[in-house]
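This report refers to the structure that appears directly beneath it.
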Number of protein chains: 2
Amino acid sequence: MNVAITRPIVIDPYGTAHPCATCDARQASICNAIPDADLARLASASVGGIAKSGTTFINEGDPASAFFNVTSGIAKLYKLLPDGRRQITGFVGVGHFLGLAVSDTYSFSAEAIDTVRYCRFSRARLREILDDFPLMEQCLLKVASSELVAAQEQMLLLGRKTARERVASFLLTQSRLGSACQNPSMRFELKMTRADIGDYLGLTVETISRNMTKLRTVGAIDVADNTTIVIRDRPALEGLADGTRQGP
Amino acid sequence: MNVAITRPIVIDPYGTAHPCATCDARQASICNAIPDADLARLASASVGGIAKSGTTFINEGDPASAFFNVTSGIAKLYKLLPDGRRQITGFVGVGHFLGLAVSDTYSFSAEAIDTVRYCRFSRARLREILDDFPLMEQCLLKVASSELVAAQEQMLLLGRKTARERVASFLLTQSRLGSACQNPSMRFELKMTRADIGDYLGLTVETISRNMTKLRTVGAIDVADNTTIVIRDRPALEGLADGTRQGP
DNA sequence: CGGTCACTTGATCGTCTTCAATACCAGTGG
DNA sequence: CCACTGGTATTGAAGACGATCAAGTGACCG
């Protein structure tokens with residue numbers, strides 16, 4: 001169940017800043033396109049909310065009445081087939097903007113992996129903001145474009161890569177996430193379960209598990225406590241990810 | 001080889017209209033966001049071009065110096081793995097806008113299936129146009145959003161659907177294309193080869209072929225001269241596309 | 001006519017799935 | 001403290017689906 005609060009609590013001892021001014025997500029999100037002077041408008045157009053781990057806060061097929069901007073936590077986006085088969089289309093974190101669908105209903109569901117905080121904009125209010133700040137619309141277009149590129153990359157993975165290559169690719173992209181996109185971290189945490197990874201890569205839990213241990217035995221990675229991954233041999237992992245290098 | 005001509009030839013006996021005014025693609029494309037009065041600006045910002053069947057007019061990895069708007073013909077977009085495995089990410093036709101990638105290089109290749117005519121905008125010129133006509137940027141965002149929705153649907157197909165379901169889904173989406181999106185046509189032509197369909201659905205030519213004949217033998221479709229498809233039993237085909245109905 | 005190309009159909013093979021058993025950990029309550 | 005539970009991950013054995021390999025057809029074309 002979603003618990004909507006009026007606004008994320010922000011410490012503002014001097015009473016001068018708007019919530020958006022001190023928002024952790026601002027740097028990473030489209031809100032950055034709004035100048036400081038106009039943050040009040042932005043703040044008044046949105047409502048804060050929380051989705052606890054495991055709760056679904058966007059439901060495929062529901063009327064798409066609002067847009068979300070994630071301010072903390074991680075969520076998974078997915079689509080379902082009538083018989084329950086699931087495809088996770090992405091994992092989204094801080095600064096991610098949700099709801100770009102043009103249609104009148106959501107084309108995907110979103111479920112919180114850990115506690116997710118977000119700002120919620122109604123369709124109409126966001127339209128007003130976008131009309132007033134064309135820079136924000138430009139920013140949205142950039143975001144959509146780069147997501148499109150990522151989606152195409154994922155199609156290549158799902159359509160043409162082997163299980164081994166998929167897992168290696170996944171670990172590499174995950175390693176590039178947190179670390180400010182530069183000098184990808186050698187050690188990182190997987191917040192999602194193996195089942196989630198499977199539904200993201202079009203594989204089963206067992207196949208994920210088998211290939212993780214395989215990558216470990218060939219010395220490409222190291223796994224600690226099941227969630228912490230250490231990349232031991234990045235070139236090897238990259239080779240395994242695009243088929244350049246065959247596994248032994 | 002691409003043959004670039006200065007501008008698509010347009011019959012304009014009175015010398016009043018700009019090429020864009022009589023462009024077949026305008027209705028279906030983002031150019032529709034430009035008012036008639038300003039078509040001269042639009043026309044002067046682009047250069048017409050032709051790509052003959054089989055020629056590649058966008059190359060993955062090349063500097064993304066230009067954007068394309070398809071005015072006639074059909075092209076396939078694809079990505080390659082180092083060893084030659086190919087994933088077609090989409091087929092694009094009249095009115096489709098190409099090059100939404102934000103990065104400095106193209107993230108995909110584009111090859112003409114039949115003769116493709118297009119208008120080519122340099123990055124800089126398009127930016128100018130977009131700055132002057134925010135409606136066009138809005139339109140681009142809508143386009144990008146709907147492509148994103150389509151991409152997610154394709155991920156579901158590639159990650160979780162069986163070969164049968166993929167082929168059925170593909171035929172259904174193809175049937176919805178030409179016919180103005182309403183009352184999907186019962187009869188339509190597949191312009192692409194089985195190999196292309198295979199690379200689009202993450203399958204091999206043989207699997208495409210086998211499942212086409214299977215769909216024919218169960219009475220869902222009819223195939224004439226290999227390129228013409230007739231949908232005989234749409235509900236059955238829809239059931240086979242999402243796993244609701246099992247094949248006999 | 002020989003050549004190529006696209007498509008179809010058949011037989012065999014391999015990868016990933018499915019089914020099943022086990023281990024592990026955290027939380028709960030006796 | 002230990003037994004019990006539910007969720008998660010690993011590993012093994014059997015099975016299925018699609019890939020691969022191979023052959024054959026028909027259309028088009030120089």
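Letters A, B, ... are given to chains in the order of the sequence lines, protein chains preceding strands, and every chain is numbered from 1. The structure presented is a predicted model; accordingly, all values stated were derived computationally and were not measured.
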### Query
Just the endpoints, please: which first and last nucleotides of DNA chain D, 5' to 3', lie under 4.0 Å from a heavy atom of chain A?
D:dA9 to D:dA13
### Query
Is any NZ, NE, NH1 or NH2 atom of the basic residue among B:Arg85 and A:Asp242 found under 4.0 Å from an Asp or Glu carboxylate oxygen of the other?
no
### Task
Take nucleotides 11-23 of chain C nucleotide by nucleotide from the 5' end and write B, S or -, depending on whether a protein heavy atom sits under 4.0 Å from the base, only from the sugar-phosphate, or from neither.
B----SBBBB---
### Message
Check this for me: B:Arg232, atom CZ, are more than 12 non-hydrogen atoms of other residues, nucleotides or ligands nearer than 6.0 Å?
### Response
no
### Task
Give a yes or no on whether a salt bridge exists between A:Asp199 and B:Arg160, defined as a side-chain N under 4.0 angstrom from a carboxylate O.
yes
### Between C1' of C:dA6 and CG of B:Leu190, the distance in whole Å
14 Å
### Message
With a sphere of 6.0 Å drawn around CZ of B:Arg120, does it hold more than 12 non-hydrogen atoms of other residues, nucleotides or ligands?
### Response
no
Check residues 57-66 of chain A and write down every donor-acceptor pair under 3.5 Å in which the side-chain atom is one partner and the other belongs to a residue at least two apart or another chain.
from    : atom 1 : to      : atom 2 : distance (Å)
A:Glu60 : OE1    : A:Leu80 : N      : 3.4

### Query
Is there a donor-acceptor contact under 3.5 Å linking the side chains of B:Arg166 and B:Thr207?
no
### Task
For B:Asn226 and C:dC5, give me the distance from atom CG to atom P, rounded to whole Å.
17 Å
### Query
How many angstroms lie between CD1 in B:Ile229 and CD in B:Glu189, if you round to the nearest 0.5 Å?
9.5 Å
### Message
Can a donor-acceptor pair be found, under 3.5 Å and without considering hydrogens, that links the side chain of B:Gln154 to the backbone of B:Tyr200?
### Response
yes
